[in-house]
Amino acid sequence: EADLAVPFAQAQSKSSAADDALASRFRIRLGSPYAPSSDNVTGSRSTTESHRAVPKYDAWDELSLEYAVPWPLGLLFTRDALRRYDEMFKYLLRLRR
């Protein structure tokens, strides 16, 4: 993941996010930090059943965007909401390639 941090920081510094105070809260990583947990409540739908996953085609599809949510925003941005934003990031990255 350290190998990803440097190019991400360079790209971030050359974008409109260069002067953004919240830019330091984002990081790129391999694999999803928002993977569904194995503790599902009985009778509830699992996370994998409740959405359709985008098929993976290459190594770029393993990149994930992680955000460190400050308190009290963590009450609004649940793990499921962050997972959905991560899926949007992956989709937009695929469109951009």
Side-chain angles (χ1 to χ4, degrees):
E1 290 182 24
D3 293 339
L4 295 173
V6 173
F8 180 67
Q10 289 173 345
Q12 191 177 28
S13 68
K14 295 177 183 178
S15 72
S16 60
D19 299 325
D20 192 344
L22 297 177
S24 63
R25 294 187 168 276
F26 289 93
R27 78 176 219 194
I28 280 288
R29 63 181 292 169
L30 287 175
S32 178
Y34 310 109
S37 65
S38 60
D39 331 339
N40 286 331
V41 178
T42 307
S44 67
R45 292 175 62 182
S46 72
T47 307
T48 55
E49 293 173 355
S50 64
H51 74 284
R52 294 189 177 138
V54 176
K56 296 179 181 180
Y57 294 110
D58 56 19
W60 288 100
D61 291 334
E62 289 297 319
L63 287 180
S64 293
L65 185 66
E66 186 176 50
Y67 179 65
V69 183
W71 190 89
L73 292 178
L75 300 173
L76 298 173
F77 291 103
T78 63
R79 194 163 185 79
D80 187 52
L82 292 173
R83 181 190 51 78
R84 290 179 188 209
Y85 278 107
D86 183 42
E87 288 176 2
M88 283 190 289
F89 166 75
K90 289 178 181 186
Y91 178 72
L92 293 172
L93 181 63
R94 182 178 285 176
L95 288 178
R96 182 72 176 151
R97 291 186 279 144

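One-based numbering along the sequence shown. No hydrogens, no waters, no symmetry mates; every other heavy atom, side chains included, goes into these values.
Rounded to the nearest 0.5 angstrom, Asp86 CG and Met88 CE are separated by 9.5 Å. Annotation: the span from Leu73 atom CG to Tyr67 atom OH amounts to 6.5 Å, rounded to 0.5 Å. Atoms CG and OG, from Asp20 and Ser15 in turn, are 9.0 Å apart once rounded to the nearest 0.5 Å. How far CG of Leu65 is from CZ of Arg29: 11.0 Å, rounded to the nearest 0.5 Å.
For Thr78, the side-chain contact (heavy atoms from CB on, under 4.5 Å) partners at least two apart in sequence or on another chain are Asp80, Ala81. For Tyr85, there are no ring pair (Phe, Tyr, Trp, His ring centres under 6.0 Å) partners at least two apart in sequence or on another chain.
Here the closest non-hydrogen pair linking Ser13 and Ala18 is O-CB, 3.2 Å. Residues Arg25 and Pro70 come closest through the heavy atom pair NH2-CB, 3.4 Å.
Hydrophobic clustering keeps Leu22 apart from Leu75 (ILVMFWY residues linked when any side-chain heavy atoms are closer than 4.5 Å, directly or through intermediates).
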Between Glu87 and Arg83, is the side chain to side chain contact (heavy atoms under 4.5 Å, CB included) condition met? List the steps. CA-CA 6 Å; Glu87 288 176 2; Arg83 181 190 51 78; 2.7 Å; yes
